[in-house]
Amino acid sequence: MPNTSVLVVGGGFSGITAALEAAELGHEVYLVEKTPFLGGRVAQLNKYFPKLCPPSCGLEIQFQRIKKNKNVKVFTLAEVTSVSGQKGDYTARIRIRPRHTAPGSADLSELAGELSARADNAFELGLAKRGPLHLDMPFAFPARYVLEKDELRAADLETLEDNEFIDLEETEKEIEVAVGSIVVATGWKPYDVTRLSNLGAGAIDNCITNMQMERLAAPCGPTGGRILRPSDGAAPKRIAFVQCAGSRDENHLNFCSYICCMASLKQATYVREQYPDAQVTIFYIDLRTPDRYQKFRARVLADENIRTVKGKVAAAAQGEGGQVVLTVEDAVAGTKSHETFDLVVLATGMQPTLAGERLPIDVPVDEDGFIVGGEDKGIFAAGCAKKPLDVMKSAQSGTGAAMKAIETVRR
């Protein structure tokens, strides 16, 4: 008889969904997430489709379901290091990095503020710094601070000495679990924007990515929800969105990232809600808003302060006073011009997390890093590990993967 337990690799929206669907049908589930907190990319958004609600809306419901279900075993700061065996009888080794804080949900914000070390905040995508003791979001799960021991300064070590909530001696550990099937929900990462040198990404002030825009607009983000220019904190009056920044390009990502057009239309509403007089321009190849999103597109583009230009942005350059100068081609008018903006948002592509990385699970991936098989071995891909998807379809994919995993272990 096969082992009826399920291993889920990745604690984003699709992974959480897969874990819960299997657990609520009575299966023991091991949910493994490499970062300190569950939620994945959804946790970094200001709002997500289809209801345009904040991430806490959907994630907190999922977190409550996890808390109430004893079948779900959650491991954060954890990675699968090896998998051996066969369908119905796998053994997985999981490495768990130390958190260095006591179990529970003690409020360590005052202690965190006393530490002097600062590092780039990966959760804020480089828009802010953070201290070594941090809780990335107000609705974090687990609601437990993490301490980056290797970032501490000598003075910080003295501050933390003998604190009952800090364990500087905690060490890495490994555990072994037996499962019958595996769901791989490793998600996606923004395409490396510094590779888009013609668009000035990473080199030009006030030229940001669409995920950075989400953090600027998020109430718990680095600016408290105000969309401000990173260079000087000024309110932008002219904003440009550049579509397909790295996507549908044989030199970068040769596929459509699916969500970018909808994300830019959504972010245009962020700007217009905050700045009634702001002018927004969207440069696009095609505006792809499938199915139910057509109505949303029509509503956004009915705004007279939102302009669309069908054409390619050839280059970006640093202008005076922190402005960005774009060289743009209007495919309809057949013209080429230079336009100046206060803020430029690049709709950078959705790249699978597995691109350029090796997963210690015997599952095939295509040249882009998407999983393209493995089901015959009882290994099932979910969410953006399989192909570009929005949040709703990622959740559906997670459910589908869970059902297949269950069917495998029930045979």
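Remember, it's a predicted structure, so these values are computed and weren't measured experimentally.
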Open item on the list: Could you check whether E375 pairs with K404 (Lys NZ or Arg NE/NH1/NH2 to Asp/Glu carboxylate O, under 4.0 Å)?
Closed with: yes
TODO: Verify the distance criterion only: is there a donor paired with an acceptor across the side chains of R95 and T81 at less than 3.5 Å?
DONE: no
Task: Flag, side chain of D286 to backbone of R288, donor-acceptor distance under 3.5 Å - done: no
TODO: Report yes or no: does N69 contribute a side-chain atom to a donor-acceptor pair with the main-chain N or O of N71 at less than 3.5 Å?
DONE: yes
Task: Whether over 12 other heavy atoms sit under 6.0 Å from K34 NZ - done: no
Task: Taking every non-hydrogen atom, the tightest pair across A316 and L199 - done: CB-O, 3.4 Å
TODO: Answer yes or no: is there an ion pair linking E60 with R65, defined by an N-O contact shorter than 4.0 Å?
DONE: no
Open item on the list: Looking at K310 and D330, is any side-chain nitrogen of the basic one under 4.0 Å from a carboxylate oxygen of the acidic one?
Closed with: no
Task: Carboxylate-amine/guanidinium contact E176 R93, below 4.0 Å - done: yes
TODO: For N206 and S231, indicate whether the former's side chain and the latter's backbone hold a donor-acceptor pair under 3.5 Å.
DONE: yes
Open item on the list: Could you check whether F283 and F241 have their ring centres less than 6.0 Å apart?
Closed with: no
Open item on the list: I'd like to know if the side chain of S397 and the backbone of G383 have a donor-acceptor N/O pair within less than 3.5 Å.
Closed with: yes
Task: Polar contact flag, side-chain donor to acceptor under 3.5 angstrom, E28-T4 - done: no
- [ ] List the atom of T408, the atom of G180, and the distance in Å for their closest heavy-atom pair.
- [x] CG2-O, 4.3 Å
Task: Smallest separation among heavy atoms of N305 and D303, with atom names - done: N-OD1, 2.8 Å
Task: Note: E329-K312 ion pair, threshold 4.0 Å (strictly below) - done: no
Open item on the list: Can you confirm whether K149 is buried at NZ, in the sense that more than 12 heavy atoms of other residues, nucleotides or ligands lie under 6.0 Å from that atom?
Closed with: yes
Task: Full working for side-chain hydrogen bond (donor to acceptor under 3.5 Å, both in side chains) between T101 and R144 - done: CA-CA 8 Å; T101 58; R144 179 182 168 193; 3.3 Å; yes
Task: Atom of Y48, atom of P54 and distance for their closest heavy-atom approach - done: CE2-O, 3.6 Å
Open item on the list: If I compare all heavy atoms of L389 with all of I259, which pair ends up nearest, and what's the gap?
Closed with: O-CG2, 3.6 Å
Task: Neighbour count >12 (heavy atoms, 6.0 Å) for atom CZ, R118 - done: yes
Task: Aromatic ring pairing F63/F141, orientation class (parallel under 30°, perpendicular over 60°, tilted between) - done: parallel
Task: Sidechain-backbone polar pair: Y270 side chain, K47 backbone, donor-acceptor under 3.5 Å - done: yes
- [ ] Determine, stepwise, if the pair R238 / E339 fulfils salt bridge (Lys or Arg N to Asp or Glu O under 4.0 Å).
- [x] CA-CA 10 Å; R238 298 192 74 230; E339 295 195 35; 3.8 Å; yes
Can you give me every donor-acceptor pair (side chain of residues 356-365, partner residue at least two apart or in another chain, under 3.5 Å) with its distance?
unit_1, atom_1, unit_2, atom_2, d
D362, OD1, K377, NZ, 3.4
D362, OD2, K377, NZ, 2.6

Task: Whether over 12 other heavy atoms sit under 6.0 Å from E172 CD - done: yes
- [ ] Quick one: closest heavy-atom pair of Y275 and I227, and the distance?
- [x] OH-O, 2.6 Å
- [ ] Inspect the surroundings of NZ in K386 and state if more than 12 heavy atoms from other residues, nucleotides or ligands are less than 6.0 Å away.
- [x] no
Task: D205/R229 ion pair, N-O < 4.0 Å - done: no
